[in-house]
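First listed ligand is number 1; within each ligand, the first listed atom is number 1.
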Amino acid sequence: MMIEIICGTNRPGSNTRKVASQIEAIYHAQGTPASLLDLAELPPAIFDPASYAEKPAAFGRFRDRVLAADGLVIVTPEYNGGAPGVLKYFIDMLPFPESLARKPLAFVGVAAGAWGALRPVEHLLQIAVNLNAHVYPGRVLIPGIFQALDESGRLKNADLVKRLEEQARGFAEFAARHGRG
Ligand SMILES: Cc1cc2nc3c(=O)[nH]c(=O)nc-3n(C[C@H](O)[C@H](O)[C@H](O)COP(=O)(O)O)c2cc1C
C-alpha cells in the first residue's frame, strides 16, 4: 500500500505544501504508508515544449510514483478561481490513460478565500471522471488558510484535523478495495 499526496503547486512557501505535509503525517500516524509528491521538485526540463513528445529522464521518478501508487490525494490551492496551471500540466505530462484510469483519488482544497478551493476541486473532479479515476466521495475544503495555520504551519482547528483524519482512514480502505491491485 502506498498513498502519494500531491502538493498541487510549485510556489515557494506554499500553504498547500504545509497542509500536504500534515496530511502525510496523519497517514503515517494511522499506519498507512504515504509520501509527499511535491510539484516544486519537478525537473525544469519538463516545461520544455518538447516534453509533450519526449519526457526528460528526470521526470521518470514522478511518473513511476503515480503509476505505482494505490491512491493519490490531490491537495490543490485555488489560483484565480481554478487549480494551478502546474497541476494540470503535471496531469497532462503523465502517461494516458494508465496513470489515472481506475486510480483511487481523493481531494483536499486550500484557499485564502471563503470557498476553500471548491472551484478547483470541482474542476479536478470533472477531469478525474473524464479520465475514469475512482473518486473517493469525501472531500475536505479548507478556507481562510492564512488564519487557519499556526506558527509552525499546522492547522489550528481540531474539527478540520479530525475531518482530514477521517478522510485518510476512509481513503486508505477505499484505495485498498478499489485500487488496481
Ligand atoms: C496566482 C495566485 C492566485 C490566487 N487566486 C486565488 C483565488 O482565486 N481565490 C483564493 O481564495 N485565493 C487565491 N490565491 C491565494 C491562495 O489561495 C493562497 O496563497 C493559499 O495559501 C493557497 O495557495 P499556496 O499553496 O500557494 O499558498 C491565489 C494565490 C496565487 C499565488
Side-chain angles (χ1 to χ4, degrees), residues 3-29 34-49 51 58-59 61-63 65-66 69 71-94 99-100 103 105-130 133 135-136 138-168 171:
I3 302 293
E4 294 286 354
I5 299 156
I6 297 178
C7 170
T9 177
N10 54 357
R11 189 178 79 79
S14 155
N15 289 320
T16 302
R17 188 169 301 108
K18 294 170 190 165
V19 172
S21 295
Q22 190 166 353
I23 293 169
E24 181 189 24
I26 287 171
Y27 277 90
H28 290 169
S35 63
L36 188 61
L37 196 158
D38 190 347
L39 299 190
E41 293 172 11
L42 283 172
I46 195 68
F47 298 102
D48 186 321
S51 293
F59 186 69
R61 71 182 181 94
F62 291 87
R63 177 201 60 217
R65 284 174 64 180
V66 169
L72 305 175
V73 181
I74 298 183
V75 189
T76 184
E78 178 160 348
Y79 286 179
N80 294 313
V86 69
L87 176 55
K88 178 59 164 59
Y89 186 72
F90 177 64
I91 293 170
D92 292 343
M93 288 297 105
L94 291 170
S99 296
L100 297 188
K103 179 78 73 183
L105 294 190
F107 291 93
V108 176
V110 175
W115 304 106
L118 175 65
R119 283 171 288 212
V121 167
E122 298 227 314
H123 183 216
L124 289 164
L125 282 167
Q126 281 184 354
I127 292 168
V129 168
N130 182 61
V135 176
Y136 181 67
R139 299 167 298 286
V140 179
L141 302 175
I142 306 176
I145 190 66
F146 284 99
Q147 294 75 42
L149 296 175
D150 67 18
E151 282 166 11
S152 60
R154 295 174 64 81
L155 290 163
K156 292 188 266 191
N157 184 313
D159 286 342
L160 210 43
V161 174
K162 192 164 157 237
R163 285 174 54 210
L164 288 172
E165 289 170 348
E166 283 168 3
Q167 186 195 51
F171 185 59

For [atom], find the nearest protein heavy atom and state the residue, atom name and distance (0.1 Å precision).
atom: atom 11 (O) of ligand 1; answer: Gly113 N, 2.8 Å
atom: atom 5 (N) of ligand 1; answer: Asn80 N, 2.7 Å
atom: atom 1 (C) of ligand 1; answer: Tyr79 CG, 4.0 Å
atom: atom 15 (C) of ligand 1; answer: Ala112 CB, 3.8 Å
atom: atom 21 (O) of ligand 1; answer: Asn15 ND2, 2.8 Å

Is the closest heavy-atom distance from Phe146 to ligand 1 below 4.0 Å?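 Judged by the 4.0 Å heavy-atom criterion, Phe146 does count as contacting ligand 1.
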For [X] and ligand 1, does the shortest N/O to N/O distance drop below 3.5 Å?
X: Gly13; value: no
X: Arg17; value: no
X: Ala111; value: no

With atoms numbered from 1 as shown, which atoms in ligand 1 lie under 4.0 angstrom from a non-hydrogen atom of Ile145?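 Counting atoms of ligand 1 from 1, those under 4.0 Å from Ile145 are 20 (C), 21 (O).
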Report the residue from Arg17, Arg65, Arg61 that forms a salt bridge (charged side-chain N to carboxylate O under 4.0 Å, His left out) with Glu41.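 By the salt bridge (charged side-chain N to carboxylate O under 4.0 Å, His left out) criterion, Glu41 pairs with just one of Arg17, Arg65, Arg61: Arg61.
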Can you say whether the rings of Phe47 and Tyr89 are parallel (under 30°), tilted (30 to 60°) or perpendicular (over 60°)?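 If you compare the ring of Phe47 with that of Tyr89, the planes turn out parallel.
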Region of Thr16 that comes within reach of ligand 1 [heavy atoms, distance under 4.0 Å]: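 Both of them.
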Report the part of Glu78 in contact with ligand 1, treating N, CA, C, O as backbone and CB onward as side chain, heavy atoms under 4.0 Å; options are side chain, backbone, both, neither.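 Both backbone and side chain.
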For atom 23 (O) of ligand 1, state which one of Pro77, Gly144, Ala117, Pro120 supplies the nearest heavy atom.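 The option holding the nearest heavy atom is Pro77.
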Using a strict threshold of under 4.0 Å (side-chain N to carboxylate O), is an ion pair present between Lys103 and Glu4?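 Between Lys103 and Glu4 there is no salt bridge, as every charged N stays at least 4.0 Å from the carboxylate O atoms.
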Can a salt bridge be assigned to the pair Asp92 and Lys88 using a cut-off of 4.0 Å between side-chain N and carboxylate O?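 Looking at Asp92 and Lys88, the cut-off is met.
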Main-chain N/O of [Y] paired to [X] side chain as donor or acceptor, under 3.5 Å:
X: Ser99; Y: Arg63; result: no
X: Gln22; Y: Leu155; result: yes
X: Lys156; Y: Gln147; result: yes

What's the shortest heavy-atom distance between Ser35 and Glu24, and which atoms?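 So the two residues come closest at CA-OE2, 3.5 Å.
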Can you find a pair of side-chain heavy atoms, one from Ile6 and one from Leu87, that are under 4.5 Å apart?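 Result yes, sub-4.5 Å side-chain heavy-atom pair found.
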